[in-house]
Amino acid sequence: MKSFNSIRGLGRADLDSLIAASMRYREVRRHDRVLDARTVALLFFERSTRTRLSFQLAAEKLGANVLNLDPSRSSTGKGESLRDTLMTVAAIGADVLVVRHVESGVPELAGEWTGLSVINAGDGAREHPTQALVDIVTLRSHFGDLSGLRVGIVGDIRHSRVAGSLIHGLPVMGVDLVLIGPHEFLPSHDGGIAMTTDLDGVIEDLDVVYLLRVQRERGAEVDEKYSQQYGFDSTRTAALHENAVIMHPGPLNRGVEISDEVADGPRSLILDQVANGVPVRMAVLAALESALA
Ligand code: NCD
């Protein structure tokens with residue numbers, strides 16, 4: 001694999017091999033330093049906590065040197081073009097670019113301009129493929145086989161790049177997916193996936209409730225009615241069946257889509273998702289290794 005820009009186009013065998021590698025990295029503490037003497041550049045033009053830190057640790061565990069660009073302190077603020085910034089990082093000696101950007105398609109552009117391997121760490125409202133892989137690995141370790149598992153993604157699906165990747169990845173794993181939210185947050189084209197505005201009408205059938213943050217920075221608006229209709233507090237969580245779990249990619253808007261008791265409660269897999277961020281990103285970085293020049 002030269003680059004990892006999207007979950008689209010990955011088949012079951014590709015996902016299974018990334019899942020298996022992630023599981024191996026979860027178990028083992030000492031790793032082959034497959035990226036020894038390689039350089040991974042973290043280029044986060046948008047805010048990030050868990051994705052950036054887990055990429056950094058993943059790259060370091062595999063033996064890579066890590067360059068961490070801070071756009072607020074770099075020449076981007078002096079008017080340097082994105083292309084010039086990326087070409088500069090390439091000339092300094094990066095082998096892999098991990099790119100997050102507010103605009104969709106920047107990871108592909110980065111690959112075209114520099115010729116380097118690129119990992120998409122979130123582009124606009126389009127895709128966040130390593131987060132989807134993290135979530136698939138989290139589900140696999142909790143439930144085992146995913147075929148027939150009923151997952152409801154709840155909230156601001158239209159603006160969510162995490163949902164943009166999950167919508168492609170989960171069905172490949174045999175998951176039965178339903179998108180849940182107010183009309184203005186549901187995608188305009190369903191692509192064959194079930195959708196509903198009625199959370200309480202489907203809640204009892206769900207094995208997994210995957211909550212999303214309302215993305216105010218991408219123009220979404222939220223009012224009190226939203227929390228009443230779609231927020232998860234202990235009352236709504238009590239309507240779930242016994243073995244159902246709650247997931248969320250973070251960052252959480254506590255009191256909006258999720259209450260404290262639910263976020264910190266026994267059904268929550270939120271910190272498992274965070275913990276899986278490192279082995280999954282190690283698996284993705286290692287999968288690119290054979291394509292490096
Ligand atoms: C998400 C992101 O930035 O795409 N967070 C993450 O990477 N875990 C989701 C969000 O911003 O709500």
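Both counts, for ligands and for their atoms, begin at 1 and track the order of listing. Sequential numbering from 1 along the given sequence is applied to the chain's residues. Everything numeric in this text was worked out from a predicted model, so none of it was measured.
Using a 4.0 angstrom heavy-atom cutoff, Glu46 does not count as in contact with ligand 1. Residue contact annotation: Ala121 has no non-hydrogen atom under 4.0 Å from ligand 1. Under a 4.0 Å heavy-atom criterion, Arg47 is not in contact with ligand 1.
When only non-hydrogen protein atoms are considered, atom 9 (C) of ligand 1 lies nearest to Gly250 O, 3.3 Å. For atom 12 (O) of ligand 1, the closest non-hydrogen atom on the protein side is Arg213 NE, 2.7 Å. Distance from atom 8 (N) of ligand 1 to its nearest protein heavy atom, with residue and atom name: Pro249 O, 2.8 Å.
Nearest heavy atoms, Leu10 versus Phe4: CD1-CE1, 3.4 Å.
Taking each of Gln215, Arg161, His128 in turn, the one with a heavy atom nearest to atom 3 (O) of ligand 1 proves to be Arg161.
The shortest N or O to N or O distance between Val162 and ligand 1 is not under 3.5 Å. The distance criterion of under 3.5 Å between nitrogen or oxygen atoms is not met by Glu217 with respect to ligand 1.
Short contacts between ligand 1 and Arg100, defined as distances under 4.0 Å to a heavy atom of the residue, involve ligand atoms 2 (C), 3 (O), 7 (O). Those atoms of ligand 1 that come under 4.0 Å of a heavy atom in Thr51, given as number and element, are 6 (C), 7 (O). Each of the following atoms of ligand 1 lies closer than 4.0 Å to a heavy atom of Pro251: 5 (N), 10 (C), 11 (O), 12 (O).
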Verdict with reasoning, Arg150 to Asp176, per salt bridge (charged side-chain N to carboxylate O under 4.0 Å, His left out): CA-CA 5 Å; Arg150 284 159 305 181; Asp176 192 357; 5.6 Å; no
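With contacts defined as side-chain heavy-atom distances shorter than 4.5 Å, the pair Phe185/Leu212 does not qualify.
Because its NZ or CZ atom is both nearer than 6.0 Å to the ring centre of Phe55 and within 45° of the ring axis, Arg281 counts as a cation-pi partner of that residue.
Listed for the Arg158 side chain is a donor-acceptor partner under 3.5 Å among the backbone atoms of Leu186.
Crowding of Asn68 atom CG: a count of heavy atoms from other residues, nucleotides or ligands under 6.0 Å exceeding 12.
Between Phe45 and His101, the ring planes are tilted. Angles from 30° to 60° get that label.
For the atom pair Glu27 CD and Ser22 OG, the distance stands at 11.5 Å (nearest 0.5 Å).
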